[in-house]
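Both backbone and side-chain heavy atoms feed into the values below; hydrogens, waters and symmetry mates do not.
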Amino acid sequence: MSYRGEASLANSTREADGKLYTLYPRPGSESPVFIHEGFSVDTALKDIEAMIEANDTPRPNKISAPYEVPQFPIEQIEDKLTFHRHLSVLAVERTSRFEPSETCLDDEDTKGFEVDETDSVPHYQRVFISGEESTRDKQEVKGKMPVEDISKSSKLLIEALRLREKYMAWAVQSFPSVTARFLREAGMEDPMGQGLRYAGACSDPKSLEDHPIDPPRKEVSPWKTDVPENCGYQFHMLDGVFQIYPNDEAVQRNEPLPYNYPDLSRYIQDMNLLCALIANGPVKSFCYRRLQYLSSKFQLHVLLNEMRELAAQKAVPHRDFYNIRKVDTHIHAASCMNQKHLLRFIKKAVKTQPDEIVCCNKGEKMSLAQVFASMNLTAYDLSVDMLDVHADRNTFHRFDKFNAKYNPVGESRLREAFLKTDNYLNGRYFGHIIKEVMFDLEEGKYQNAELRLSVYGKSADEWDKLARWAVKHNVHSENVRWLIQVPRL
């Protein structure tokens with residue numbers, strides 16, 4: 001029932017469930033107050049409120065309901081936050097700064113290994129999952145895996161980890177110590193033997209003096225290097241693998257240096273094992289469930305510790321998103337610039353150097369202006385959309401379309417003129433645009449890039465040409481590291 005205007009001042013009575021109810025309008029409100037046989041709801045609420053205030057300390061304002069906006073003064077909110085911060089500090093002081101990453105370990109689990117300091121993480125809230133997994137039934141039920149499948153999947157995954165550890169050891173790369181420790185407990189042999197491990201990134205911690213904020217600048221030319229003398233080593237290929245001999249006598253005795261490597265039969269056998277593991281149904285189901293569990297566990301960690309991690313990040317002095325060092329890896333040198341930068345560079349070259357000879361087509365030399373005339377284009381016509389060098393979602397899993405994006409305006413002649421190290425201009429345009437990108441990175445100060453170039457093995461002097469291009473155009477920067485890749489064509 002609603003009351004509007006003068007009608008809201010009138011009293012109204014209703015009979016329900018055999019009882020008489022009287023409706024009185026609330027002062028300043030359109031909602032009525034129900035009174036039943038002399039009992040007032042407002043009176044009862046006032047009595048309850050009086051009891052709460054009698055048992056509680058006096059406050060400037062009354063406590064609001066949970067669904068209402070709090071009415072506390074700012075000073076009281078600050079006092080409450082200060083009190084909670086004080087409790088957090090006391091809790092951290094009473095506990096150790098670091099706790100093991102494993103939330104719960106039995107005594108039998110800790111007998112086989114020692115908890116390493118690198119296995120510890122800062123003190124955060126943890127969730128312990130107890131109880132046995134509901135996979136004890138022999139028969140497979142909906143959404144679960146039988147014990148036999150879990151056992152087989154575990155053995156196959158352990159074998160895959162063993163292969164990874166072996167190949168990383170042969171390649172003189174560090175392997176995670178925690179994984180290696182559990183592999184030893186599973187009965188897997190150490191590929192290095194006698195517990196010898198390669199030094200990892202955290203095995204030799206450095207002090208702040210060893211890691212200054214700004215990297216030291218080189219005073220000498222970066223291209224100046226001391227070429228070692230001939231040590232007399234001999235290289236000979238055996239079954240498709242280069243063998244290294246210390247001298248001629250070792251070649252005659254067929255005694256190469258003892259470097260570990262897999263022969264062809266062993267490599268094919270390991271590859272077939274991995275292919276079979278990838279196609280195994282129980283292994284895929286086990287890995288999917290495990291990844292889903294880890295993803296949910298991480299999301300739960302974020303919900304519990306997001307504010308604490310954010311506070312820890314803010315506590316680091318002189319560091320935020322804009323002045324932490326960022327590194328872009330696996331960047332092809334021909335695509336290190338953005339499309340607007342490439343467009344600007346091409347337009348500038350067409351306007352300032354139109355008569356520059358850039359290519360030789362069927363024995364005929366062509367200038368930059370002639371190349372654009374053959375395409376019926378001018379510098380004014382060029383645009384970002386016309387260049388079409390941006391890799392969009394249509395290039396996903398389409399390597400042919402991805403390679404086509406390296407051709408500005410779809411013309412291989414422009415790619416050869418502007419994005420090649422070995423061309424008619426000996427890579428002059430390419431060297432200039434690379435140096436412009438390096439200048440932008442140095443201006444940003446905290447931006448770094450790992451640029452890569454390809455060596456295809458088409459000619460014996462390919463390395464010499466690439467080195468000559470790098471030295472001539474001085475494509476060096478402290479913010480850039482070069483990587484040479486050999487594509488598998």
Side-chain angles (χ1 to χ4, degrees), residues 152 155-177 179-180 182-184 186-201 225-280 283 329-330 332 397 399-400 402-403 421-422 450 452-468 470 481-489:
K152 293 179 181 179
K155 292 179 180 179
L156 290 174
L157 290 175
I158 290 176
E159 181 65 19
L161 289 174
R162 184 191 68 83
L163 289 178
R164 180 175 178 82
E165 183 186 23
K166 180 181 69 173
Y167 278 86
M168 292 184 69
W170 287 354
V172 198
Q173 299 179 16
S174 60
F175 190 75
S177 58
T179 308
F182 281 101
L183 288 179
R184 300 293 84 76
M188 297 295 172
E189 297 181 357
D190 191 349
M192 297 305 300
Q194 300 178 356
L196 179 63
R197 307 302 307 167
Y198 288 113
T225 181
D226 297 330
V227 180
E229 298 180 357
N230 188 2
C231 299
Y233 285 93
Q234 301 291 331
F235 299 89
H236 294 278
M237 183 177 291
L238 179 62
D239 296 333
V241 179
F242 279 101
Q243 301 290 341
I244 305 176
Y245 299 87
N247 46 47
D248 295 334
E249 289 77 8
V251 176
Q252 297 176 1
R253 295 193 304 267
N254 194 18
E255 295 178 357
L257 294 178
Y259 287 106
N260 295 319
Y261 69 94
D263 53 10
L264 181 60
S265 60
R266 169 59 62 181
Y267 179 79
I268 293 178
Q269 182 179 353
D270 294 340
M271 179 63 70
N272 291 335
L273 175 62
L274 291 179
C275 292
L277 187 145
I278 293 173
N280 187 274
V283 172
T329 60
H330 201 116
H332 292 263
H397 281 188
F399 201 69
D400 54 343
F402 179 78
N403 282 334
T421 60
D422 183 20
E450 178 202 78
R452 54 178 59 201
L453 293 170
S454 298
V455 171
Y456 299 95
K458 297 179 180 179
S459 60
D461 59 345
E462 197 168 359
W463 276 99
D464 297 334
K465 292 180 179 180
L466 183 60
R468 192 179 301 111
R481 291 295 179 269
W482 286 100
L483 189 144
I484 307 302
Q485 64 181 10
V486 182
R488 294 177 296 176
L489 299 179

I want to check something: taking the side chain as every heavy atom from C-beta on, are P256 and N254 in contact at a cut-off of under 4.5 Å? yes
Going by heavy atoms in the side chains, are Q234 and D248 under 4.5 Å from each other? yes
Starting from the C-alpha separation in whole Å, work towards a yes-or-no answer on side-chain contact (heavy atoms from CB on, under 4.5 Å) for I268 and N272. CA-CA 6 Å; I268 293 178; N272 291 335; 3.6 Å; yes
Does R164 have more than 12 heavy atoms from other residues, nucleotides or ligands lying within 6.0 Å of its CZ? no
Tell me the closest heavy-atom pair linking A160 and L277, and the distance in Å. CB-CD1, 3.9 Å
Could you check whether E165 pairs with R162 (Lys NZ or Arg NE/NH1/NH2 to Asp/Glu carboxylate O, under 4.0 Å)? no
Reported CG-to-CG distance for the pair D239 and L264, which is rounded to 0.5 angstrom: 8.5 Å
Please step through side-chain contact (heavy atoms from CB on, under 4.5 Å) for the pair M188 and E159, ending with a clear verdict. CA-CA 9 Å; M188 297 295 172; E159 181 65 19; 4.3 Å; yes
Which value, rounded to the nearest 0.5 Å, describes the distance between Q243 atom CD and L238 atom CG? 5.5 Å
Any side-chain heavy-atom pair of F175 and L183 under 4.5 Å: yes
Got a sec: does the CD of E189 have more than 12 other heavy atoms crowding it under 6.0 Å? no
Using the side-chain contact (heavy atoms from CB on, under 4.5 Å) rule, take Y245 and L257 through it: C-alpha gap first, then chi angles, then the decisive distance, then the call. CA-CA 6 Å; Y245 299 87; L257 294 178; over 6 Å; no
Test side-chain contact (heavy atoms from CB on, under 4.5 Å) on F182 and L161 and set out the steps. CA-CA 10 Å; F182 281 101; L161 289 174; over 6 Å; no
R452 CZ to W482 CH2 distance, which is reported to the nearest 0.5 Å: 11.5 Å
How long is the gap from CZ on R184 to OG on S177, to the nearest 0.5 Å? 11.5 Å
